[in-house]
Visitor: 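Here it is, the structure, as structure tokens.
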Amino acid sequence: MDSNYSAIPRNALVELQLHNNNDTFSDDHLGSKDPKSSVKLQPLGELRDEEIQNGDLANDDDDDDDFPLIVGGNDVKNGSGIFGAVFNLATSIIGAGIMALPATMKVLGVFLGLVLIVLMGILSEISIELLVRFSVLCKASSYGEVVQSALGRSARILSELCIIINNAGVLVVYLIIMGDVMSGSLHHEGVFDQWLGHGFWDHRKLVILFIVVVFLAPLCVLEKIDSLSLTSAASVALAIVFVVVCCVIAFIKFVEGRIETPRMGPDFGSKKAILDLLVVIPIMTNAYVCHFNVQPIYNELEGRYPQKMNQVGRITTVLCVVVYASTAVSGYLLFGNDTESDVLTNFDKDLGVRFSSILNYIVRVGYIFHLILVFPVIHFSLRQTVGALVFKESGRLLKNRKRSLALTAVLLGLIYLGSTMIPNIWVAFKFTGATTAVSLGFIFPSLIALRLNQQGENLSCREKLLSWLMLLLAISVGIVGVIGNIYSINSKSE
């Protein structure tokens with residue numbers, strides 16, 4: 001038999017990484033106690049004879065590529081490093097949600113807005129660490145698997161439906177932003193209108209379709225999230241460029257005394273202001289939801305172990321808190337009470353500084369490319385979850401290239417149709433933020449921790465307290481957000 005691998009001494013330590021997601025090994029299972037040491041496994045010569053005789057390690061030519069041998073867990077060369085994982089996780093977080101933050105700052109005020117940005121970042125990081133810990137404990141390779149291990153099959157289906165609704169909603173928002181910025185909207189002029197004048201290119205549906213086919217489809221067909229590390233790094237860089245430009249413009253106008261005094265707290269002076277306050281808090285919870293991509297990123301982390309993934313999460317959280325706070329404050333200072341739900345649409349007018357038109361184009365076009373690079377990262381977990389729900393095992397989907405391509409095409413088509421029917425990003429964010437986002441980011445992770453604690457995996461008193469706090473806060477935010485959305489719709493209909 002022709003083999004893809006060289007001979008290994010009988011006493012060598014090896015790791016068999018199975019492509020089947022259900023067979024993913026945890027670090028506890030592998031017996032690695034020192035995070036800096038190589039993974040310690042059974043010597044190859046001690047494999048049980050009956051396993052070989054039963055065909056578990058059969059020498060079948062068709063299976064050679066399904067069982068790559070990796071010597072030493074921390075010497076894996078095909079995985080992503082810490083910064084590659086940070087870029088992928090940060091890309092999952094910093095998407096379209098950042099565009100709605102200046103509008104939330106307008107509702108909450110600067111002080112309360114900053115407090116919530118920091119608080120939600122800390123709670124999100126805690127929930128990610130709990131999720132990683134119990135994913136390794138349960139040997140789960142996806143969000144749905146760890147939910148099933150703790151809460152049962154029905155809860156897994158519910159969590160996967162939440163991922164599908166949340167991610168599809170986020171991707172629809174991305175397309176809406178791309179269409180509004182490039183082709184314009186009812187109250188704002190698009191980039192193409194400013195460059196080329198009115199024509200067929202200012203039809204939003206046509207612009208979005210072109211972007212989907214030419215830019216998004218080639219990136220969405222990639223099968224490994226690690227393949228998107230470079231594009232994720234580029235997307236984070238573009239987001240930082242957007243933040244820097246906003247901060248510089250706001251600072252210049254502040255020094256020149258051309259910025260109105262911002263409101264520091266929420267406005268309770270009218271019924272509309274109170275309704276806005278009820279629906280804006282769920283949007284804040286939506287800003288940090290990336291939990292559906294934690295397991296795929298951890299699975300492809302080079303030399304993976306929980307402490308290393310926790311380090312990835314903490315670096316990502318600090319980065320996102322800084323980016324979010326800078327964007328929210330600078331955007332609100334720049335446009336004040338005229339801040340739109342999608343602040344990008346505010347950059348179609350003179351900013352009152354030198355090279356205003358050039359800066360406008362840099363901000364808008366640069367962020368469109370950022371969303372194009374973020375889109376496939378969110379789509380990856382959407383496709384994986386739909387595959388797991390429809391075909392029972394995500395591994396079966398990935399092994400069938402034609403099925404994967406067909407599912408990608410169907411999902412892109414449905415997301416495109418959704419973008420043509422939803423009017424603006426505020427509508428999408430306030431509903432997903434009050435339901436699926438709080439469920440994925442806080443309710444399910446806290447329930448997993450509390451459930452597994454009952455099964456003997458003891459939590460510390462601090463961890464129990466934080467789990468209960470997250471659960472109660474998430475349920476409260478969800479209820480308040482849904483009620484606020486309902487009242488908001490009824491008030492508009494009247």
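The model shown is predicted, which means the values in this text are computed figures rather than measured ones.
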Visitor: Can you confirm whether T420 sits close enough to I208 that some side-chain heavy atom of one is under 4.5 Å from a side-chain heavy atom of the other?
Guide: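 In short, these two side chains do not touch, never coming nearer than 4.5 Å.
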Visitor: Taking everything shown except K205 itself, do over 12 heavy atoms lie less than 6.0 Å from its NZ?
Guide: no
Visitor: Indicate yes or no: at least one non-hydrogen side-chain atom of V236 is less than 4.5 angstrom from one of L319.
Guide: yes
Visitor: Could you point out which residue of I126, L450, I448 forms a side chain to side chain contact (heavy atoms under 4.5 Å, CB included) with S467?
Guide: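 Single side chain to side chain contact (heavy atoms under 4.5 Å, CB included) partner of S467 among I126, L450, I448: L450.
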Visitor: Step by step, work out the side chain to side chain contact (heavy atoms under 4.5 Å, CB included) result for L230 and F87.
Guide: CA-CA 8 Å; L230 291 178; F87 288 136; over 6 Å; no
Visitor: Should the heavy atoms of other residues, nucleotides or ligands under 6.0 Å from CD of E260 be counted, would the total exceed 12?
Guide: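 12 or below, so no.
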Visitor: Please answer whether the main-chain N or O of S141 pairs with a side-chain N or O of N299 as donor and acceptor at a distance below 3.5 Å.
Guide: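 Checked: pair present.
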Visitor: Indicate yes or no for a side-chain donor-acceptor contact from S124 to the backbone of G121 under 3.5 Å, with no hydrogens or angles considered.
Guide: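 A pair under 3.5 Å: no.
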Visitor: Output the distance between atom OG (S330) and atom CG (L334), rounded to the nearest 0.5 Å.
Guide: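 Reported to 0.5 Å precision, the distance equals 6.0 Å.
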Visitor: Give me the atom names and distance for the closest heavy-atom approach of T316 to V312.
Guide: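 Nearest pair, atom of T316 first, then V312: OG1-O, 2.7 Å.
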Visitor: Can you find a heavy atom in the side chain of L371 that is under 4.5 Å from one in the side chain of Y367?
Guide: yes
Visitor: Looking at every non-hydrogen atom in both residues, tell me the closest pair between E160 and G144 and how far apart they are.
Guide: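 Scanning both residues, the minimum pair turns out to be OE2-CA, 4.1 Å.
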Visitor: Which value, rounded to the nearest 0.5 Å, describes the distance between S356 atom OG and Y361 atom OH?
Guide: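 With rounding to 0.5 Å, OG (S356) is 10.0 Å from OH (Y361).
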Visitor: Please check this pair: side chain of R133 against backbone of A449, looking for a donor-acceptor N/O pair closer than 3.5 Å.
Guide: no
Visitor: Between N293 and N88, is any pair of side-chain heavy atoms under 4.5 Å apart?
Guide: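 No, too far: nothing below the 4.5 Å cut-off.
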Visitor: Evaluate the side chain to side chain contact (heavy atoms under 4.5 Å, CB included) criterion for residues L389 and L161: first the C-alpha distance (whole Å), next the side-chain angles of each, then the deciding distance (0.1 Å), finally the verdict.
Guide: CA-CA 9 Å; L389 193 61; L161 289 175; 3.9 Å; yes
Visitor: Using side-chain heavy atoms (C-beta onward) and a distance below 4.5 Å, is L131 in contact with Y143?
Guide: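 In contact.
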Visitor: Can you check whether C220's main-chain N or O pairs, donor with acceptor, with R383's side chain at less than 3.5 Å?
Guide: yes
Visitor: Should I415 and Y174 be marked as a side chain to side chain contact (heavy atoms under 4.5 Å, CB included) after you check the CA-CA gap, both sets of side-chain angles, and the distance that decides it?
Guide: CA-CA 10 Å; I415 292 167; Y174 289 0; over 6 Å; no
Visitor: Check whether any side-chain N or O of N346 sits under 3.5 Å from a backbone N or O of T339 as a donor-acceptor pair, and report yes or no.
Guide: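 Looks like no, no N/O pair under 3.5 Å.
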Visitor: So does Y288 get a backbone contact from the side chain of Y324, meaning a donor-acceptor N/O pair under 3.5 Å?
Guide: no
Visitor: Apply the test side chain to side chain contact (heavy atoms under 4.5 Å, CB included) to residues M309 and I297: give CA-CA distance (whole Å), side-chain angles for both, the deciding distance (0.1 Å), then the verdict.
Guide: CA-CA 9 Å; M309 189 62 196; I297 292 172; 4.0 Å; yes
Visitor: Hey, is the main chain of E302 close enough, under 3.5 Å, to the side chain of K308 for a donor-acceptor pair?
Guide: yes
Visitor: Between V213 and P218, what is the shortest heavy-atom contact and its length?
Guide: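 Shortest heavy-atom contact: O-CD, 3.8 Å.
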Visitor: With heavy-atom distances below 4.5 Å as the criterion, would you say the side chains of L351 and K253 are in contact?
Guide: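 Contact flag for L351/K253 side chains = no.
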Visitor: Would you please classify the geometry between the F375 ring and the H379 ring as parallel, tilted or perpendicular, with 30° and 60° separating the classes?
Guide: parallel
Visitor: Measure the spacing between CD of Q384 and CD1 of I164 and express it to the nearest 0.5 Å.
Guide: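 Answer for the CD-CD1 pair, Q384 versus I164, is 11.5 Å.
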Visitor: Would you check if V207 and M178 make a side-chain contact, meaning some heavy-atom pair closer than 4.5 Å?
Guide: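 No, side chains not in contact.
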Visitor: Going by the angle between their ring planes, with limits at 30° and 60°, are F347 and F335 parallel, tilted or perpendicular?
Guide: perpendicular
Visitor: With a 4.5 Å cut-off on side-chain heavy atoms, are L216 and L175 touching?
Guide: yes
Visitor: How long is the gap from CG on L440 to CG on N167, to the nearest 0.5 Å?
Guide: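 The distance works out to 7.5 Å.
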Visitor: Would you give the length of the straight line joining atom CG of L472 to atom CZ of F442, rounded to the nearest 0.5 angstrom?
Guide: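 With rounding to 0.5 Å, CG (L472) is 13.5 Å from CZ (F442).
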Visitor: Taking all non-hydrogen atoms of both residues into account, name the closest pair between L219 and I372 and its distance.
Guide: CD1-O, 3.9 Å
Visitor: Taking atom CZ of R258 as the centre, report whether more than 12 heavy atoms of other residues, nucleotides or ligands fall under 6.0 Å from it.
Guide: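 Yes - once you tally the heavy atoms of other residues, nucleotides and ligands closer than 6.0 Å, there are more than 12.
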Visitor: CD1 of I249 to CG of N360: how many Å apart, nearest 0.5 Å?
Guide: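 It is 7.0 Å, given to the nearest 0.5 Å.
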